[in-house]
Amino acid sequence: MIFVFAMMGCSNASDLLLYQKDKVLPYILVEDKRANAAANIFKELFKKTTGTELEILNQVRDFSGQPGINLILTDDKKDHFHIEGADEKLLIKGSYPEDLEQGIYYFFEHIVPADSTKHNQGVGKKLEEIFLPKKLLIKGEEVQDFHYREPYFPINSSKDFQQKYNTNSLENAWGLWGHNIGKFISLREDMYALVDGKRNPEQLDFSSSSLETALTFQINKSMTEDPNRRRFMIMPNDNALVCNCDACLKAGNTKTNSSPAVLKLINKLALVFPEAIFFTSDYLSSSTPIAQKMPINTGVMISTMDFPKGIVLKGSKYEAGIKDRFKKWSEITNHIYIWDYAINFDNYMDAHPTLLIQQQNLRFYKELGVTGVFMQGNEDGYSAFENLKASIYAQLMENLDLDIPLAINKYLQHFSAEHGKFVADYYLQINERALQNKNPLDIYGGVRQALKKYLKQDELQKFYKDISLAGKDIDPSFRDELFKLKISVLFQLLELARTNGLADNGYGIYDFNLQQGRINEDLKSQFSVLKKLIELIDLEVYNESNAKFANYFKNWEELIFNKPYNNLLYGQGLTIKSKLDEEYDDPKLLTDGAIGFEDYYNNWMICTQDNLSIQFPINNKISGKRTLEITFLIDRRHRLDLPQGIQVQYDGKSPVIKHEFSATLEKLKRVTYKFPLNIATEDKILSITILKQPLAGFACDEIILN
């Protein structure tokens, strides 16, 4: 798939000598001013590769015997580049300026590699000769598995990364992206959706003539300012509301389907702006395609949010449903992009090793007609192995047959041969384990799911020791990358300890003589190292919700280090008499000493289906005057609120406590309640029932009796 030609003096006599230092100097010919930016990119990369600056011409001159580099914009609108060798010329063709740029990046990365060490010329030396086969013909659609390729990580915003890996970026390719119509134009009341007979500012009326006029004006302005940003996402706001005005109903809208009106507007805009391409989304109310074929410059972005994560889809029980979804869109458009996900958005420090899984899934998507991939990582901050993931995904989207282990080892050589190997070995090991394990690995989730999928605590401890010994012979430009990797590993070790509670591999042990938890001193040491590294690297958040390290450290200090755990119920058997949520069905969560912080995904028992009904056997150890302590998490973003109330009773008799909880305005908060009890020795069963609200779940952590 990838053509790499040797640039040495022993080249075949029939080859085209494109460049020879001080003897043969090509020129760049650009006859369409829209290709000027591409010409400047070619000139820049040629100088970086050879040390020689080329002349850019706008019309043909008589250069007998001098090779030419012609950059040509075609009218075929096929969204691909062609590279040809013909009549002493190198021709790079494309339908749009961005296609020329992709062809140029491909040329320098694969045909004339900028890495001069490949040509035995020594590190840092420039190429002195470039030979090309006269019958050179490379078609972009044949050498790139996806036309649009964006690994959405911070490093992809850099020009050097985009050039090296030939990637796209939101900033360069899209005039309008995501749920941002309200930022793209000024909205008025007559542009709002008519829902239940009233104009609702939470959603748009896609049949509104005012909306169409405003979008037309702004798209024209955007295309004039930057023709390369020719993609526009026309999609509903991020909710399931649908406009049911007369015009939308006539277009075909229903109470749950907005696609008819959305696609009708997109089709109109596509005819007005043939150089642009307009996308809708397969998401919530716009997931049902219309019956008729759409214009050639329209497409769909299919979100994989509701697909199972962390498993190979082809051959799974989900394959047929996914195929049907793509088939319906492929019948009306040739531009099918997917919006996929590459990290754990609740915990950026989680390695989330799904590269080998995603290689299989991307192959499946290509079979289904996908032409573009937006692979979402972290927008800012740091996520574990982020630069490595960005690099591998960039290469994988171009070549689905990429040898991932080889590419990982090659990338990590910058750590040094020795240290790069142990990092590569660990990362490949967990990727391979994740591929073989059939359990899911959600993009929102805690450590317990990682333990079921790929994570082994002893391996992570060893990896931490290896990283701690590394550093002396590492290139200083990559030292921050190593420090950040160390941060991610330390964070995961703390999360494992916190999740295990006062048990094996936990943050301490429970001393039954003292009726108190004792903290592991080694863990305190790791905690201190992590705090210092965070200050050194100046990282602030560790997940998509902007949870801050500073608050995480505060939770450790206030809830664990400075508050000894005392609980007469620790290790006590308990019985659950109600239906538990899947993934939250372990009764030990309530009395294991594993403390819930302000994150819902670790150590909390989440109840969304039923009330929580618990029974404890009463013995001499817990009888007498006691205090019952229960903690809840308010996290309104995830629909977790205070429960409706709590009832406590002995042996099924009338409740001794019947408490109703007061509403709170807090969006995120831990709340602890204490209740006095007087447990008689003749009582046999202590029952606790926590009543959920009708429209919200609740998260309960430690139930403590003292």
Side-chain angles (χ1 to χ4, degrees), residues 148-162 164-165 167-184 229 231-233 235 237-239 279 281 283 301-307 309-310 337-355 358 372-394 396-397 441-445 480-481 483-485 487-488 491-492 534 537-552 598-601 635 637-638 667-668:
Y148 186 90
R149 304 175 304 282
E150 180 165 6
Y152 188 69
F153 290 88
I155 196 170
N156 190 56
S157 63
S158 78
K159 181 180 176 183
D160 286 345
F161 187 91
Q162 292 169 21
K164 178 174 176 57
Y165 293 107
T167 58
N168 304 96
S169 75
L170 292 184
E171 291 77 11
N172 300 337
W174 293 82
L176 174 59
W177 166 264
H179 309 277
N180 290 312
I181 289 179
K183 297 178 181 179
F184 188 62
R229 299 180 65 183
R231 293 174 177 82
F232 295 87
M233 184 82 74
M235 64 187 293
N237 291 337
D238 194 4
N239 59 58
F279 285 82
S281 63
Y283 181 69
M301 174 78 77
I302 299 179
S303 168
T304 69
M305 179 62 76
D306 58 347
F307 294 3
K309 297 293 182 290
Y337 289 7
I338 58 164
W339 186 332
D340 213 347
Y341 307 91
I343 65 172
N344 181 344
F345 293 92
D346 272 334
N347 178 4
Y348 286 170
M349 303 302 109
D350 177 11
H352 200 76
T354 55
L355 281 175
Q358 288 288 58
V373 178
F374 175 80
M375 186 65 68
Q376 184 174 350
N378 50 305
E379 183 172 359
D380 48 25
Y382 168 75
S383 67
F385 297 96
E386 68 174 20
N387 289 348
L388 171 60
K389 286 184 180 181
S391 167
I392 302 302
Y393 274 119
L396 190 58
M397 288 182 224
L441 189 64
D442 292 337
I443 57 175
Y444 293 95
D480 275 3
E481 194 170 345
F483 284 161
K484 288 177 181 177
L485 184 57
I487 285 170
S488 72
F491 187 89
Q492 286 297 84
I534 291 293
I537 301 297
D538 194 27
L539 283 181
E540 186 177 2
V541 302
Y542 60 87
N543 70 13
E544 182 187 51
S545 300
N546 293 317
K548 292 180 170 50
F549 281 106
N551 197 51
Y552 179 76
E598 291 177 2
D599 50 19
Y600 71 94
Y601 45 85
D635 186 348
R637 182 172 182 264
H638 295 99
K667 292 182 179 179
L668 181 66

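Just the heavy atoms: all of them, side chains too, but no hydrogens, waters or symmetry mates, feed the values below. Here, residue 1 is the first one in the sequence, and each next residue gets the next number.
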Find out whether Asn378 and Ile343 are in side-chain contact, i.e. whether some heavy atom of one side chain is under 4.5 Å from a heavy atom of the other.
yes
Decide yes or no for Met301 and Trp177: does some side-chain heavy atom of the first lie under 4.5 Å from some side-chain heavy atom of the second?
yes
Test side-chain hydrogen bond (donor to acceptor under 3.5 Å, both in side chains) on Asp306 and Tyr283 and set out the steps.
CA-CA 9 Å; Asp306 58 347; Tyr283 181 69; over 6 Å; no
Nearest non-hydrogen partners of [X] and [Y], listed with the distance:
{"X": "Phe307", "Y": "Lys309", "answer": "O-NZ, 2.8 Å"}
{"X": "Asn344", "Y": "Gly445", "answer": "ND2-O, 3.0 Å"}
{"X": "Asn387", "Y": "Glu481", "answer": "CB-OE2, 3.8 Å"}
{"X": "Thr354", "Y": "Leu441", "answer": "CG2-CD2, 4.0 Å"}
{"X": "Ala384", "Y": "Met349", "answer": "CB-O, 3.5 Å"}
{"X": "Asp442", "Y": "His352", "answer": "O-CE1, 3.3 Å"}

Quick one: [atom1] on [X] to [atom2] on [Y], what's the gap to the nearest 0.5 Å?
{"X": "Gln492", "Y": "Asp350", "atom1": "CD", "atom2": "CG", "answer": "5.0 Å"}
{"X": "Phe345", "Y": "Glu379", "atom1": "CZ", "atom2": "CD", "answer": "10.0 Å"}
{"X": "Ile487", "Y": "Ile537", "atom1": "CD1", "atom2": "CD1", "answer": "5.0 Å"}
{"X": "Glu540", "Y": "Ile534", "atom1": "CD", "atom2": "CD1", "answer": "10.5 Å"}
{"X": "Tyr444", "Y": "Ser545", "atom1": "OH", "atom2": "OG", "answer": "7.5 Å"}

Please report whether the ring centroid of [Y] lies less than 6.0 Å from that of [X].
{"X": "Tyr542", "Y": "Tyr348", "result": "no"}
{"X": "Tyr552", "Y": "Phe491", "result": "yes"}
{"X": "Trp174", "Y": "Phe279", "result": "yes"}

From the list Leu170, Ile338, Asp340, side-chain contact (heavy atoms from CB on, under 4.5 Å) with Phe374 holds only for Leu170
Which residues share a ring-ring contact (aromatic ring centres under 6.0 Å, His included) with Phe385, sequence neighbours left out
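Here the qualifying residues are Tyr427.
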Under the side-chain hydrogen bond (donor to acceptor under 3.5 Å, both in side chains) rule, what do Thr304 and Tyr341 come out as? Steps first, then yes or no, please.
CA-CA 8 Å; Thr304 69; Tyr341 307 91; 5.3 Å; no
Evaluate Tyr165 against Asn156 for side-chain hydrogen bond (donor to acceptor under 3.5 Å, both in side chains), listing each step before the verdict.
CA-CA 9 Å; Tyr165 293 107; Asn156 190 56; over 6 Å; no
